[in-house]
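Scroll down for the structure; my scribbles are underneath it.
By convention in this document, chain letters (A, B, ...) are assigned in the order of the sequence lines, proteins followed by strands, and residues within each chain are numbered from 1.
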Amino acid sequence: MRKVLVLFAHPAHRHSVVNNAMGKVAQGLDNVTFADLYGEYPRMKIDIDREQVRLAEHDALVFQFPLMWYSTPSILKEWQDLVLEYGYAYGEGGDRLKDMPFLPVVSAGGPQTAYHPDGFNNFDLRTFLAPLEQTANLCKMRFMPPFVLFGALKAPGDTRLETHLGAYRDLLIALRDETFDFDKTSEMDELAHDRLPIRKGARR
Amino acid sequence: MSTFLFQAFVYLTAAVIAVPVAKRLGLGSVLGYLIAGIVIGPLIGLVGAETRDIQHFAEFGVVMMLFLVGLELEPRSLWAMRHRLIGLGGLQVGMTTTAIGAAAFAMGQPWSVALAIGLVFSLSSTAIVLQTLNEKGLMKSDGGQAGFSVLLFQDIAVIPMLALIPLLALPELVELLSHSADHAGGHGEQISLIDGLPGWQVAIVTLLAVATVVVGGHYLSRPLFRFIATAKLREVFTAAALLLVIGIALLMTLVGLSPALGTFLAGVVLANSEFRHELESDIDPFKGLLLGLFFITVGAGINFVALIDGFGTIIALTLGLMLVKGLVLLSLSFVFKLGGSDRWLFALGLAQAGEFGFVLLSFTVQNGVIPQAVSETLLLVVALSMLLTPLVFICFDRLILPRINARQSREADMIDEKGTVIIAGTGRFGQIVNRMLRGNGYETVVLDLSAETVSLMSVFGIKAFYGDASRPDLLHAAGLAEARMLVVAIDDKERTVEIVKHARRDRPDIHIVARAHDRTQVYSLYAAGANDIIRETFDSAVRAGRSALEGFGIHPYEAEKIATAFVAGDQRMIRDMADAYDPDILPHENQEWVKKAREYSEATGVAMAGVRNPDRSAIDRAWMPPGKRPEEEPG
């Protein structure tokens, strides 16, 4: 069993429906730590030592965030800048995060069709997340395809939100209980409620 | 009634005119009062013999002053003073009595008269010295503390003196007195708790009285004051404060102790009480008025006819007295290691005779110790020496201080570090600035008015120097000419502005960070030329507000945004108002300033009335999802 750390970043809780609901899902699971980075560091003063200790206590890392200007909210970038130190996460002796699964959980305002070379946003979502992917690679982490809710602004209106929340729950449990099938992810661009490679039954 | 009104009118007029003029001329309030007294008394004769009675009444100001001094002094600091109190005070009284007595004996007085004169003149003027030290902000200086120790000891010493003096009576004078005693009888009748009691009972009653003050002050005063405070009537609290002081003075008189000593003790006991500042502000005006009255009566009581008759002798005696007292004090300052300007402050400040001299002199005459004629001359010497004291303080300020400071900076001994940063004031505020600068490799020179703080900081290896940073000479000695930055962190509003003005005039290029007490002071400091003006409680208040918002369940990051927006809005307003502020016009007479103030208060009122607070727009706009507008958001 893995202990899962969810680092959540949303600068405006008041505007959040999807991410707040997803946060409740994560908070309700055993052995899943949910950390609201803007709540813990409202003045952006991230405690490097504390974060590295927290990483050491967990076996899987999740970034949960709304896509903002095709990237993470700024505090997640700040977190990477400060916590992923040379000699700790990468470089000489920097192997503390080696083999740790890394999962981006993203909500995007636009529909899936917009995130396409022919679409409104001109690029795939994976392309926008390339910095995260390469960061994970450099840290020798196991980058997982992002778990995405497209059209997130309109999701609360229909049943998509409920489906997404259920899938998020399943995904976190699979990650925790080591039933997530990493082998099947190589050909997947994104994870979604209908694309979750979870093995039936516990492996152990 | 009309006589009373007339007298009050004369005294108040004299004070109201003379004191501000004296202050403006840099002479200090004490000299102002004394001059006022001389003018209304000997010069134009508006007041006469009644001054003696008023003086006895006004001496109560000294009692109140010692209560206030006690309030400033925690029991711990009093205990720390014990060596000076007994050693320095005892030696001063002993040596001065011996020296003056010997001089009087050499001038042909019998030994008993000479001894009595020595005792009378060993005392200094608590009223003048403490008032002047307070006014100059030198009370906490090393010299000021030493002077205070001696004055306190003298106050205690008066009691055994009163017991001793009757034993020195001259037989022929007693004979003379007993003839006239009949028609003067019944005059000195006093209530006493200890008359006719055997010695051990006197001791018990005395101890009980002191214990009453200490224990009562510690345990009873708080519930009592709390109870009175719940009435929410300011005058009742003032009455209670007066009652406390008068009650203790009465109790002390009844058991034959010094009332000043008793109230001082009560003050020390209450120094830790939460009512300390309230008591202070209640008693302070009474003290000020009574002391002022006292100084006026000293001036008014000078017998000019007698003074002119024996002018040469009296002047010579006065100067001789001050010289002898000054030399004794100076020699003690070496023994007790007072250095630099503290030594001279101590030696010159206490060189006069004091108000207890009046009391003791009339007491000696009553008991037939000193002949009437001699005591007349001595009274003049006491008064004249008190009159000269403010002048001596002026000499100290103008002649001695500049020289000592000049020597200090040349010797580079007292202030041997020309830091890149001068920090004036190392209380709770300055210490933090100092630690942050030092911790990051910046050299600092620290100035503070509290000798205790300075020595404490020195223990921790921080270069700290005692001194009043509002004195230009001290700022220069600290290296104002070469410093890159000045941090003014003292809590005295006027002085902060003074320091900033001076530093800016002297060094147009220096960076000045100034601590402001409140919003209004921000404007004066802005006008004075400070670069960064930090309100001392603003940031912590904002943090408290932010915590309160978080306590209501508002997300910490949202609360942080609100706090940031609030600070920005407040600073915008302050900057705008500061531009309209004119230090030469009172704010409420400044049309433009008033107009702006009104605009801002209306804006706040609108916000409170439920209309959108302009400070909020930045918060509401932040991270607004596409397609939405701030107006659509609830609250």
Side-chain angles (χ1 to χ4, degrees), chain A residues 7-24 27 34-47 50 64-79 106-111 114-115 120-121 149-157 161, chain B residues 432-433 435-436 439-440 534-535 537-571 607 610-635:
Chain A
L7 293 183
F8 169 60
H10 195 312
H13 282 227
R14 60 211 319 288
H15 297 308
S16 164
V17 179
V18 170
N19 273 288
N20 275 344
M22 290 172 71
K24 290 218 176 66
Q27 278 166 300
F34 182 80
D36 173 6
L37 284 184
Y38 277 107
E40 289 182 8
Y41 303 110
R43 286 162 280 293
M44 300 283 267
K45 288 162 190 162
I46 285 166
D47 182 340
R50 176 172 176 261
Q64 183 197 321
F65 59 95
L67 199 66
M68 293 193 153
W69 285 112
Y70 311 108
S71 180
T72 63
S74 58
I75 202 168
L76 266 178
K77 180 64 165 62
E78 182 83 350
W79 186 93
V106 186
S107 59
Y115 291 89
F120 181 75
N121 288 325
L149 177 66
F150 288 104
L153 288 171
K154 290 182 178 140
L161 179 58
Chain B
I432 292 189
V433 179
R435 273 166 54 196
M436 288 183 69
N440 291 283
I534 317 292
R535 273 175 286 168
T537 54
F538 182 73
D539 292 72
S540 38
V542 168
R543 286 172 60 189
R546 193 177 62 201
S547 293
L549 288 170
E550 287 179 12
F552 268 117
I554 292 184
H555 190 268
Y557 195 57
E558 177 91 357
E560 169 66 16
K561 294 283 155 216
I562 294 172
T564 310
F566 178 84
V567 170
D570 193 82
Q571 278 173 352
V611 179
R612 187 163 291 277
N613 178 347
D615 285 352
R616 286 227 34 121
S617 78
I619 306 157
D620 294 337
R621 277 164 54 194
W623 299 288
M624 183 64 59
K628 284 196 181 179
R629 292 185 181 283
E631 292 80 32
E632 298 166 12
E633 285 292 307

More than 12 heavy atoms of other residues, nucleotides or ligands under 6.0 Å from CZ of R50(A): is that the case? yes
Is there side-chain contact between R43(A) and R546(B), with heavy atoms separated by less than 4.5 Å? yes
Atom CE in M44(A), atom CD in E560(B): separation rounded to 0.5 Å? 10.5 Å
Identify the two heavy atoms, one from P556(B) and one from Y38(A), that lie closest to each other, and give their separation to 0.1 Å. CB-O, 4.5 Å
Which value, rounded to the nearest 0.5 Å, describes the distance between H13(A) atom NE2 and I554(B) atom CD1? 13.0 Å
